[in-house]
Participant: 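First the structure, then my questions, so here it is.
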Amino acid sequence: MTVDPAARVAELRAQIAHHNERYFAMDAPEISDADFDLLVRELTELEAAHPELAVADSPTQTVGASATFAPVEHEIPMMSLDKAFNTDEFDNWHTRLVRAAGEGRELGSFVCELKFDGLAISARYENGTLVRAATRGDGRVGEDVTANVATIANVPKQLGSDAPAILEVRGEVYMPISDFNALNDARREAGEQLYANPRNTAAGSLRQKDASVTASRNLRWFAYQLGQVEGAPTLTRHSETFEYLDSLGFPVNDQVKVVESADAVKAYFADAEARRHEFDYETDGAVAKIDSLAMQRDLGVTSHHPRWAIAFKFQPEEKSTKLIDIQVSIGGKGKATPFAVLEPVFVGGSTVQMATLHNEDQVKVKNIRPGDTVLVRKAGDVIPEVLGPVLSERAPDLPEWTFPTHCSCENHHPLSRSEGDAAHYCLHPTCPIQRDAWIEHFAARAAMDIEGFGERTVQLFTAQGLLSDIAGVYELDFEAVGQIEGFGEISVRNLETSIEASKGQGLGRLLIGLNIRHLGNSGAHVLAKAFGHLDKIIEADLETLASVDGVGPTIAESLRAYFDDEINLGIIERLRAAGVDFNGPEVIEVDQTLEGLAIVVSGGLENFSRDSVKDAITSRGGKSPGSVSKKTTALVVGESPGASKVTKAEELGVPIIDEAAFVELLETGVVPPG
DNA sequence: ACACCTCGAGTTCT
DNA sequence: CTCGAGGTGT
């Protein structure tokens, strides 16, 4: 193929800049992360191969976070705060603290503050001069954004002559809501795409290679905490830091309040929540800190949070919006799932325009109809959920919604719902939507994990007739792929490499990719381990299959039906011919320390990936279910664990342990005390 | 037959 | 995250 590298580089830069803007600033990505990475990787490699084409402001220098900004290690880590989602959780925190403070010792007063929805920043001054500003990053290492922060109007660049030798000030950078709205008004008039929300816009504005862009946006910050300090007057109370910061010329928020009791803290929280929309900045909660610095020191920190502070999260916001339509998506196994198409509404920190409705009955239970005004919120702060209609706003003649009788694909196959089933299915084996979903599923991370083979790529390939089933992935005509726009020499080679690598993923992942009804992650790996080779499973009778622990009559039946199907067997033979590994995992001898135990993991750990942690547990004879129950031996929490799991574990008295204790548990099979 | 745990699938947005 | 449904033990 003869493509002019200079032209391709220019094209890639334009594409990357466009998608970068969509992703970071507008909150509306058009392509998947994997596809985006492919573009960046191709550009990086082209620039490496043609150094004369590399330029300083190339997107390869500015995307991917760490590429642009030098890492900065925080002398004192910027820890995140423990969270309470309701007053009960706050009471629990308070009770723990009273106990930790010790007999007859008062916790003293609390400082209440708002929790700003912006970017946490640490600014370091040496002998009164701003020398460095860094983002929070992972808490230990952030990014150097000094040039950008220096353009923020109310960040002091130079302190008075009484400034200490070293002063590290922590605060939150934000964009005032009024400025955000003005910016969007201007963009609307110019016909430009609107920014999604103040927080993302502030983040995008700050993380600019060109600091003059940052300067053109009206960013502000509030200072609220000291980090490393040398040569400053000794403070005894956290509330004094606000007075001190103010005296040095730092902007501090005017809603800070010192109160004397836990009840007064709760009153502050309730008041802040009620008034949250009065402020010209976004808040997502309020914070209480123990005022006495001596008491803070004594209470200390856990591996993730200071014990002396807690963030109270405001209730998830509910907004009303228009239910434009109810549409149906078709999954890889033909399942038809209705979802709400909403007039875009900003709720709980992001713009929502879709929400799943699960099935026909759920639509009935919720009593919603296209055209209704509906209430929307974020379940668990993440997943959009339609709560129900605002009946007072329903037009009297608004018709009820009925489940479509036919698949939305071009062949309009019939959809059917069997007796006793909640879901509708499109059972047609040649449905193109199902076909695409299956191939996507096959390439997905839990299955064959083929990088760069996402939704967009699959649809492109099937539409071009390059691919019609999963075995086709290994029969791809790469010459033809190279002809498709957007597939340069390098991205074709990368794709070829990752497809080749996927052949060795092993039986467990292959079984997942085969798309067998009722067989998911867990069942697939159990079978792979029990049988050791795909042919043994294909030959096994119902009884043998169902005798495997975790496989019952339904899954056994489903397996038999799958492997009795000539079409499926044909696909499997083509996979074999392509050299796909049909072997199960090698059984490595590890001490079965966790026999009979169930360990749930939530949040990211430092020394384990999501997969490796499950492996560490199951290879030692333990189970690693996805949710906490009273049978759970322990809940391991890492960085930002799921709140519901922690709450559940607390309710049931399941021990909650950190990574270090988990490692000990792996070795000993005993939950360490503490 | 039932309760309780688990698992699977579809889903949203960063 | 939520719903629905399979698996297992009582």
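Proteins come first, then strands; the chains are lettered A, B, ... in the order of their sequence lines, and each starts at number 1.
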Participant: Looking at the side chain of A/D421, which of C/dG4, B/dG10, C/dA5 is the nearest nucleotide?
Facilitator: C/dA5

Participant: Is A/K378 paired with A/E385 through a side-chain N to carboxylate O contact shorter than 4.0 Å?
Facilitator: no

Participant: How many whole angstroms separate atom CZ of A/R517 from atom C1' of B/dG8?
Facilitator: 11 Å

Participant: NA contact type, A/A423, heavy-atom cut-off 4.0 Å: base, sugar-phosphate, or nothing?
Facilitator: nothing

Participant: What is the distance from CD1 of A/I383 to C1' of C/dT2, rounded to the nearest Å?
Facilitator: 8 Å

Participant: When the distance from CG of A/L357 to C1' of C/dC1 is rounded to whole Å, what number comes out?
Facilitator: 14 Å

Participant: Does A/T554 make a side-chain N or O approach to OP1 or OP2 of C/dG7 shorter than 4.0 Å?
Facilitator: yes

Participant: Is the shortest side-chain N to carboxylate O distance from A/D421 to A/R417 below 4.0 Å?
Facilitator: no

Participant: Below 4.0 angstrom from OP1 or OP2 of B/dA9, is there any side-chain N or O of A/K333?
Facilitator: yes

Participant: At less than 4.0 Å, is any side-chain N or O atom of A/N521 found next to OP1 or OP2 of B/dC7? Yes or no.
Facilitator: no

Participant: Determine, for A/K313 against A/D284, whether the closest basic-nitrogen to carboxylate-oxygen distance falls under 4.0 angstrom.
Facilitator: yes

Participant: Report the nucleotide, chosen from B/dA9, C/dG6, C/dG7, that has the shortest atom-to-atom distance to any side-chain atom of A/P553.
Facilitator: C/dG7

Participant: In this structure, how many angstroms lie between the P atom of B/dT6 and the CG atom of A/L519, rounded?
Facilitator: 19 Å

Participant: So does A/T356 get a side-chain nitrogen or oxygen closer than 4.0 Å to the phosphate oxygens (OP1/OP2) of B/dG10?
Facilitator: no

Participant: Would you indicate what A/H358 reaches in the nucleic acid, counting non-hydrogen atoms under 4.0 angstrom: base, sugar-phosphate, or nothing?
Facilitator: base

Participant: Round to the nearest Å and state the distance from A/K623 atom NZ to C/dG9 atom C1'.
Facilitator: 11 Å

Participant: Look at all strands and tell whether A/Q353 reaches a base, only sugar-phosphate, or nothing, counting heavy atoms closer than 4.0 Å.
Facilitator: sugar-phosphate

Participant: Rounded to the nearest angstrom, tell me the gap between atom NE2 in A/H441 and atom P in B/dG10.
Facilitator: 9 Å

Participant: Taking the minimum atom-to-atom distance to the side chain of A/K630, which one of B/dT12, B/dT6, B/dC5 wins?
Facilitator: B/dC5

Participant: Can you tell whether the side chains of A/K83 and A/E89 come within less than 4.0 Å, N to carboxylate O?
Facilitator: no

Participant: A/M354 has an atom CE; how far is it from atom P of B/dT12, in whole Å?
Facilitator: 5 Å

Participant: Send over the distance from A/E455 CD to B/dC13 P, rounded to a whole Å.
Facilitator: 13 Å

Participant: Measuring from the side chain of A/S522 (C-beta onward, heavy atoms only), which nucleotide among C/dG4, B/dC13, B/dC7 has the closest atom?
Facilitator: B/dC7

Participant: Quick check for you: among B/dG10, C/dG7, C/dC3, whose closest atom lies nearest to any side-chain atom of A/N359?
Facilitator: C/dC3

Participant: Do A/Y281 and A/R199 meet the criterion of a side-chain donor-acceptor pair at a distance under 3.5 Å?
Facilitator: no

